[in-house]
Amino acid sequence: MAAMLAGLRAVGAGPSGCRYPGLPGPVGVADAPASTAADQWEQTGRHIGAEVAVCMRTRHLAGIVPAATEAHCMGQIAFNRAMEIPFDPDQFREVGREAPDLDSEAGQYVALVERGMHASVTMVKPTPVLQNIEDAARLANGLPAVQHRIKHAAGRIIRDCNLDERVDNDALGQPGLFIRADLDLVLQEACSEEILAPPTTMELRRANAALYYQSDRVKDERAFLVGQHRIHAGQASASAERAFEAKVVDLIAERTGI
């Protein structure tokens, strides 16, 4: 698990940031170069998978259903990672450890594992539904399809609005571009029409679901569903449009050197 949006409460491997080697820190995978992010997930996934495999190999007994051993080991490894306890195949506690306090990082990690299994979990320090909707509007920019549209829109606007020639140049019969704020005005020009494609309702709902399943910000399933219904009703659309346009402008500024 990793924070998907800078500015949100970081989730990392636990709800407060990077707790394990190989996991991305609070900036999050969405903000890392694609190759770097892929390498981080690959490294972490292989490490977790190796621990689960060792557990299954050393704990399975003839007469036990293999799927049951698999389920036990996935739960055991998740608990160990939450508690920052290395898995030792030579140790087996007959009585389970005391469950971590839900208000702790370990407790929140376990809670997210349980949510991943669609269990009913109530977070102790949630964020109001309206704030989560606003955050989902920005978080949606991290979805691969939306990132592709951001790059496409930036490239089209640079080309169709002749931005490369307009940077630091006010003698072409078109407004010159000198500061970032000038780019906000470009989005209002005719050359930018029908290029911007902000996140759809379904993409916003996916982003809100990420907050529910991959952070400690959503109190419970009821709060999650209230947020989904409000997004479906269009309450996040304006925020999503502003956030999308800001990302496009950021990329145009980067590519043109403004």
With L183 as partner, the option from I157, V249, V248 fulfilling side-chain contact (heavy atoms from CB on, under 4.5 Å) is V249

Within the 4.5 Å heavy-atom criterion, are H229 and H232 side-chain neighbours or not? no

| Is the number of heavy atoms from other residues, nucleotides or ligands under 6.0 Å of R159 CZ greater than 12? | yes

For this session: Inspect the contact between K125 and D103 and indicate whether a charged nitrogen and a carboxylate oxygen are less than 4.0 angstrom apart.
Result: yes

- Message: Does atom CZ (R255) have a neighbourhood of more than 12 heavy atoms from anything else shown, all under 6.0 Å?
- Response: yes

Minimal heavy-atom distance between P199 and L204, with the atoms involved, is CB-CD2, 4.0 Å

Residue set satisfying ring-ring contact (aromatic ring centres under 6.0 Å, His included) with F224, at least two apart, ordered chain then number -> Y212

Heavy-atom nearest pair, A236 first then I133, reads CB-CG2, 3.5 Å

Side-chain heavy atoms nearer than 4.5 Å, only ILVMFWY residues, links allowed to pass through others: does that put V52 and F79 together? no

**Item:** CA sep, side-chain torsions, deciding dist, call: E51, V54, side chain to side chain contact (heavy atoms under 4.5 Å, CB included)
**Value:** CA-CA 5 Å; E51 288 189 318; V54 170; 5.8 Å; no

**Item:** Sub-4.5 Å side-chain heavy-atom contact between I231 and Q228
**Value:** yes

For A82 and Y109 the tightest heavy-atom approach is CB-CD2, 3.4 Å

Rounded to the nearest 0.5 Å, the CD atom of E189 sits from the CG atom of D160 at a distance of 11.5 Å

When rounded to the nearest 0.5 Å, the distance separating CZ of R149 from CG of N141 is 9.5 Å

ask   = Do Q43 and D39 get their side chains close enough for a donor-acceptor pair, meaning under 3.5 Å?
value = no

Query raised in the report: Any donor-acceptor pair under 3.5 Å linking the side chain of Q131 with the backbone of P128?
Result: no

Taken in chain and number order and not counting sequence neighbours, the residues that satisfy side-chain hydrogen bond (donor to acceptor under 3.5 Å, both in side chains) with S237 are none

Q. Is any side-chain heavy atom of S215 closer than 4.5 Å to a side-chain heavy atom of M123?
A. no

- Task: State, with a plain yes or no, whether a side-chain heavy atom of P100 is found less than 4.5 Å away from one of V110.
- Result: yes

For A153 and L196 the tightest heavy-atom approach is CB-CD2, 4.1 Å

Looking at I158, is its backbone amide N or carbonyl O close enough to the side chain of D164 to form a donor-acceptor pair, meaning the two atoms are under 3.5 Å apart?
no

One should read off an interatomic distance between T256 OG1 and R166 CZ, to the nearest 0.5 angstrom, of 10.5 Å

Value for CZ (R206) from CG (L143), rounded to nearest 0.5 Å, stands at 6.5 Å

So CG of L102 and CD of Q108: to nearest 0.5 Å the spacing works out to 6.5 Å

| query | Are the side chains of P198 and E245 in touch, meaning some heavy atoms are under 4.5 Å apart? | reply | no

Check the pair L112 / Q214 against side chain to side chain contact (heavy atoms under 4.5 Å, CB included), numbers first and verdict last. CA-CA 7 Å; L112 291 177; Q214 296 164 246; 6.0 Å; no

Interatomic distance, CD@E134 vs CG@N208, rounded to 0.5 Å, equals 11.5 Å

Checklist entry - Cluster question for you: counting only ILVMFWY and a side-chain heavy-atom cut-off of under 4.5 Å, with indirect links fine, are L139 and M202 together? => result no

Single-linkage hydrophobic cluster, 4.5 Å side-chain cutoff, I48 and M74 together
yes

Using a 4.5 Å cut-off on heavy atoms from C-beta on, say whether the side chain of H72 contacts that of C55. yes

Tightest non-hydrogen contact, residues A240 and A137, listed as N-CB, 3.5 Å

Hydrophobic clustering (ILVMFWY, side-chain heavy atoms < 4.5 Å, transitive) - are V186 and I150 grouped together? yes

query: Does one hydrophobic cluster hold both L130 and L211, with members joined at side-chain heavy-atom distances below 4.5 Å?
result: no

### Query
Is R180 paired with D250 through a side-chain N to carboxylate O contact shorter than 4.0 Å?
yes

Sub-4.5 Å side-chain heavy-atom contact between V218 and R115:
yes

